[in-house]
Amino acid sequence: RAPCATARGASGASVVFKSQAEGVAEYRAVYHGMQAEVDAEIGRVIDHLKQSGDYENTLIVQTSDHGEMLGDHYMFGKFCYFDGAVHIPLIIRAPGADQARGTQVDRFTEAVDIMPTMLEALGLDIPSQVDGRSLVPFLNGESPSDWRREAHWEYDFRDVIAGKPERDFGLTLDQCQLSVVRGERYKYIHFPGLPAVLFDLERVPNEYGNRADEQDYTHLVLEFACPVCTRTRPTQPSFTFSAGFCCLYNCKPYHLNSW
């Protein structure tokens with residue numbers, strides 16, 4: 001562990017250099033502090049709804065657009081395929097959903113489920129072209145038998161200005177994409193122009209150890225690759241974050257909480 005060192009910047013201001021461990025710890029502390037601030041502000045909204053008499057008639061959905069690696073896998077931000085980048089809150093408080101109040105649902109959800117959920121909760125029709133499914137059955141204490149067994153998302157990492165990933169990996173613009181299938185045990189990442197990645201999360205947790213090249217896993221790579229190629233069309237790619245969701249606090253991946 002390296003000691004801190006102090007130097008003078010060009011403006012004369014003092015610059016403190018910290019060890020990597022200290023920098024990560026400080027970054028995480030700041031991030032969790034911002035989470036606490038968001039939690040407090042949501043509390044203010046809920047207090048206002050209760051004071052105005054609208055609380056029991058209001059559908060509340062707490063979620064986010066992406067996660068944060070916070071130093072895991074030596075990464076920060078959201079631009080990767082690891083769970084930390086897409087493992088985000090989904091907490092719903094629905095009027096009249098007393099049977100499921102305070103429960104946690106251990107099933108896979110995706111961002112595309114939010115709109116149909118809100119439409120059904122408001123008593124509106126869900127358009128037939130919507131890809132997601134309403135979560136209202138879970139809010140009513142039900143568990144659909146035909147619910148999805150995995151989450152899917154896609155990511156476009158092309159750089160149309162600098163072209164860095166294109167140069168580094170020898171890819172075309174259209175090849176700079178990836179598709180993910182995340183199940184309870186296995187996680188498969190498909191690249192059009194790069195080798196696939198397969199994690200066995202039961203054998204080695206936390207997304208370590210690519211098994212895609214191991215003979216014992218060949219059948220799984222083929223099993224995952226076929227539906228991925230069916231979902232994505234190279235001639236008309238659709239790069240949207242259809243991310244798995246979860247409650248932010250102390251839970252397994254991709255939970256739905258109801259309060």
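Residues: numbered from 1 along the sequence shown.
- Atoms CZ and CZ, on Arg148 and Arg133 in that order, are 7.0 Å from each other to the nearest 0.5 Å.
- Taking the charged nitrogens against the carboxylate oxygens, Arg101 and Asp98 do have a contact shorter than 4.0 Å, which makes a salt bridge.
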* Evaluate the side chain to side chain contact (heavy atoms under 4.5 Å, CB included) criterion for residues Glu150 and Phe224: first the C-alpha distance (whole Å), next the side-chain angles of each, then the deciding distance (0.1 Å), finally the verdict. => CA-CA 11 Å; Glu150 56 209 11; Phe224 281 117; 4.2 Å; yes
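- Put simply, the side chain of Ser179 reaches to within 4.5 Å of the side chain of Glu154, judged on heavy atoms.
- With Phe76 as reference, Tyr27 is the one residue of Phe82, Tyr27, Tyr31 to meet the ring-ring contact (aromatic ring centres under 6.0 Å, His included) rule.
- Side chains of Arg158 and Pro165 form no contact here, defined as non-hydrogen atoms less than 4.5 Å apart.
- Smallest separation of non-hydrogen atoms from Ser134 and Pro137: O-CD, 3.5 Å.
- Using a 4.5 Å heavy-atom cutoff, the side chains of Arg107 and Phe138 are in contact.
- Scanning both residues, Ala85 and Cys80, for their nearest heavy atoms gives CB-SG, 3.8 Å.
- Between the side chain of Asn140 and the backbone N or O of Glu142 there is no donor-acceptor pair closer than 3.5 Å.
- Under the 4.5 Å side-chain criterion, counting only non-hydrogen atoms from C-beta, Ile92 is in contact with Leu139.
- Side-chain contact between Tyr155 and Tyr81 is absent, with no heavy atoms from C-beta onward closer than 4.5 Å.
- Two residues are said to be in side-chain contact when any heavy atoms from C-beta on lie closer than 4.5 Å; Tyr74 and Met69 fail this criterion.
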* Stepwise, does the side chain to side chain contact (heavy atoms under 4.5 Å, CB included) test hold for Tyr188 with Val197? -> CA-CA 6 Å; Tyr188 173 75; Val197 175; over 6 Å; no
* Report the C-alpha distance between Tyr208 and His73 in whole Å, list the side-chain angles of each, state the deciding distance to 0.1 Å, and finish with yes or no for ring pair (Phe, Tyr, Trp, His ring centres under 6.0 Å). => CA-CA 9 Å; Tyr208 289 102; His73 293 277; 4.6 Å; yes
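- Atom CG of residue Asp200 and atom CZ of residue Arg211 lie 7.0 Å apart, to the nearest 0.5 angstrom.
- With a 4.5 Å cut-off on side-chain heavy atoms, Val130 and Val112 do not count as touching.
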* To do: Would you please test Leu49 and Ile60 for side chain to side chain contact (heavy atoms under 4.5 Å, CB included) and show each step?
  => CA-CA 10 Å; Leu49 290 172; Ile60 304 174; 4.0 Å; yes
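- Put simply, CG on Leu173 and CD on Gln175 are 9.5 Å apart, with the number rounded to the nearest 0.5 Å.
- Annotation: cation-pi geometry not satisfied between Arg203 and Tyr217 (NZ/CZ under 6.0 angstrom from ring centroid, within 45° of ring axis).
- A side-chain donor-acceptor contact under 3.5 Å links Gln35 and His32.
- Interatomic distance, Thr109 OG1 to Leu90 CG, rounded to the nearest 0.5 Å: 5.0 Å.
- Rounding to the nearest 0.5 Å places CZ of Arg185 at 9.5 Å from CG of Leu201.
- No hydrogens or angles considered: a donor-acceptor pair under 3.5 Å links the side chains of Asp54 and Ser52.
- Annotation: cation-pi pair Lys187/Phe199 absent, no NZ/CZ under 6.0 Å from the ring centroid and within 45° of its normal.
- In this structure, the side chains of Met34 and Asp39 stay at 4.5 Å or more apart for every pair of heavy atoms.
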* Starting from the C-alpha separation in whole Å, work towards a yes-or-no answer on side chain to side chain contact (heavy atoms under 4.5 Å, CB included) for His66 and Phe79. => CA-CA 10 Å; His66 62 82; Phe79 301 110; over 6 Å; no
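- In this structure a side-chain-to-backbone donor-acceptor pair under 3.5 Å is missing from Gln177 to Phe157.
- Taking CD of Glu68 as the reference point, atom CD1 of Ile88 lies at 12.5 Å (rounded to 0.5 Å).
- Under the 4.5 Å side-chain heavy-atom criterion for Ile, Leu, Val, Met, Phe, Trp and Tyr, Met75 and Leu70 are members of distinct hydrophobic clusters.
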